[in-house]
Amino acid sequence: MAFLLMFITLLHLITLAMLFIATMEKSWWVWDSTKNSDLWYNCMYDNATETWLCASTKETEWLQAVQALMVLAVVFSSISFLVFLGQLFTMSKGGLFYVTGLCQIFAGLTAFTATIIYTLHHADILGTSPDPSRGHYGYCFILAWVCVPLLLCSGVMYVHLRKRE
């Protein structure tokens, strides 16, 4: 039982870190090694100063939806972890971690919705400058997709997990 509890806790922390990185880092769409875009900024690498120059992205309804859903996924997963810690120390023997599991499942569903929206509407989100057809998805987008099944699996595990002495 202790091994399962440690595994679920570690899985939760890993998915929370991956979800936070996917939300905050700057690589949802990559044109080449010097241009990329994320949920918040469009960035370009300046060779003269050897720094990234970033400007705010053009706010579209689709981008705002993806931003809100990814932040909501991080919030749900964080709340889920805090509730888990609270339940771990206060819940009676034999209790189930329903609230923790449901929060984690909601985090997975919001991340899933955000990545689906970005997948279907990345051309609208990115605009026309530079041409989105010349780029590809970045590692943060892929990381967000990897988080979805991990969040859902950990949520299901929490729902079935019973507290033992």
Side-chain angles (χ1 to χ4, degrees), residues 7-46 51-85 97-161:
F7 173 74
I8 290 175
T9 304
L10 186 63
L11 178 64
H12 193 138
L13 290 173
I14 289 170
T15 56
L16 183 59
M18 287 171 47
L19 193 60
F20 188 77
I21 290 168
T23 304
M24 299 309 292
E25 277 295 310
K26 58 180 182 251
S27 184
W28 274 63
W29 190 263
V30 177
W31 282 275
D32 56 28
S33 63
T34 61
K35 292 181 187 175
N36 60 28
S37 180
D38 68 357
L39 301 180
W40 315 102
Y41 297 104
N42 290 326
C43 296
M44 209 165 111
Y45 188 74
D46 183 17
T51 59
W52 285 95
L53 303 174
C54 297
S56 295
T57 58
K58 178 184 167 214
E59 293 290 323
T60 65
E61 292 82 14
W62 294 117
L63 178 61
Q64 288 176 345
V66 173
Q67 288 172 338
L69 287 167
M70 287 303 291
V71 168
L72 197 57
V74 171
V75 168
F76 272 132
S77 189
S78 299
I79 289 172
S80 176
F81 187 69
L82 294 175
V83 168
F84 168 69
L85 290 177
F97 295 91
Y98 284 131
V99 177
T100 301
L102 289 176
C103 284
Q104 195 73 343
I105 289 170
F106 286 147
L109 293 176
T110 55
F112 175 72
T113 306
T115 52
I116 284 290
I117 290 172
Y118 196 86
T119 301
L120 297 176
H121 298 284
H122 69 274
D124 297 332
I125 290 171
L126 297 170
T128 57
S129 172
D131 185 15
S133 65
R134 294 187 179 181
H136 57 86
Y137 294 106
Y139 77 92
C140 288
F141 175 79
I142 296 166
L143 201 58
W145 268 115
V146 169
C147 283
V148 170
L150 293 176
L151 288 165
L152 294 174
C153 287
S154 68
V156 169
M157 282 193 266
Y158 276 125
V159 169
H160 291 295
L161 183 67

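The figures that follow rest on heavy atoms only: side chains count, while hydrogens, waters and symmetry mates do not.
- For His12 and Tyr158, the distance between ring centers is under 6.0 angstrom.
- Side chains of Leu150 and Met18 form a contact here, defined as non-hydrogen atoms less than 4.5 Å apart.
- By the 30° and 60° cut-offs, the orientation of the rings of Tyr118 relative to Phe141 is tilted.
- Proximity of Asp38 to Glu25: side-chain heavy atoms (C-beta onward) are nowhere separated by under 4.5 Å.
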### Message
Could you go through Gln67 and Trp40, starting from their C-alpha distance and side-chain angles, then the distance that decides it, and tell me whether this counts as side chain to side chain contact (heavy atoms under 4.5 Å, CB included)?
### Response
CA-CA 8 Å; Gln67 288 172 338; Trp40 315 102; 3.3 Å; yes

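- Residues Leu63 and Thr60 approach most closely at N-OG1, 3.1 Å, considering heavy atoms.
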### Task
Let me see the working for Trp29 and Asn36 under side chain to side chain contact (heavy atoms under 4.5 Å, CB included), right down to the final yes or no.
CA-CA 6 Å; Trp29 190 263; Asn36 60 28; over 6 Å; no

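- Within the 6.0 Å centre-distance limit, the rings of His122 and Tyr137 are counted as a close aromatic pair.
- No side-chain donor from either of Asp46 and Thr51 sits under 3.5 Å from a side-chain acceptor of the other.
- The minimum heavy-atom distance linking Val30 with Gly138 is given by the pair CG2-CA, 3.9 Å.
- A distance of 6.0 Å separates SG of Cys103 from CD1 of Ile79, quoted to the nearest 0.5 Å.
- Rounding to the nearest 0.5 angstrom, the gap separating the OG1 atom in Thr23 from the CG atom in Leu72 is 10.5 Å.
- Panel note: side chain Trp145, backbone Ala111; no donor-acceptor pair is recorded below 3.5 Å.
- Atom OH of Tyr45 has more than 12 neighbouring heavy atoms from other residues, nucleotides or ligands inside a 6.0 Å radius.
- Contact annotation: the side chain of Phe81 never approaches that of Gln104 to less than 4.5 Å [non-hydrogen atoms, C-beta and beyond].
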### Query
Under the side chain to side chain contact (heavy atoms under 4.5 Å, CB included) criterion, do Val156 and Leu152 qualify, and how do the steps go?
CA-CA 6 Å; Val156 169; Leu152 294 174; 5.6 Å; no

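- Around the CE atom of Met44, the shell of radius 6.0 Å holds no more than 12 heavy atoms that belong to other residues, nucleotides or ligands.
- Atom CZ of Phe112 sits about 10.5 Å away from atom CD1 of Ile117, to the nearest 0.5 Å.
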### Query
Can you check side chain to side chain contact (heavy atoms under 4.5 Å, CB included) on Met70 and Trp28, steps first, answer last?
CA-CA 12 Å; Met70 287 303 291; Trp28 274 63; 4.0 Å; yes

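- One finds the SG atom of Cys43 at 8.5 Å from the CG atom of Leu53 (value rounded to the nearest 0.5 Å).
- Within 6.0 Å of CD in Glu61 there are 12 or fewer heavy atoms belonging to other residues, nucleotides or ligands.
- The CG atom of Leu69 sits 10.5 Å away from the CG atom of Leu109 when rounded to the nearest 0.5 Å.
- Side chains of Tyr41 and Ser56 form a contact here, defined as non-hydrogen atoms less than 4.5 Å apart.
- The shortest side-chain heavy-atom distance between Ser77 and Leu151 falls under the 4.5 Å cut-off.
- A distance of 10.5 Å separates CG in Leu143 from OG1 in Thr15, rounded to the nearest 0.5 Å.
- For Ser80 (side chain) and Phe76 (main-chain N/O), no donor-acceptor pair under 3.5 Å exists by modelled atom type.
- At a threshold of 4.5 Å between non-hydrogen side-chain atoms, the residues Ile8 and Phe84 do not count as touching.
- At a threshold of 4.5 Å between non-hydrogen side-chain atoms, the residues Leu16 and Ser78 count as touching.
- Proximity of Asn42 to Lys58: side-chain heavy atoms (C-beta onward) are nowhere separated by under 4.5 Å.
- Closest approach of Val148 and Gly108 over heavy atoms only: CG1-O, 4.0 Å.
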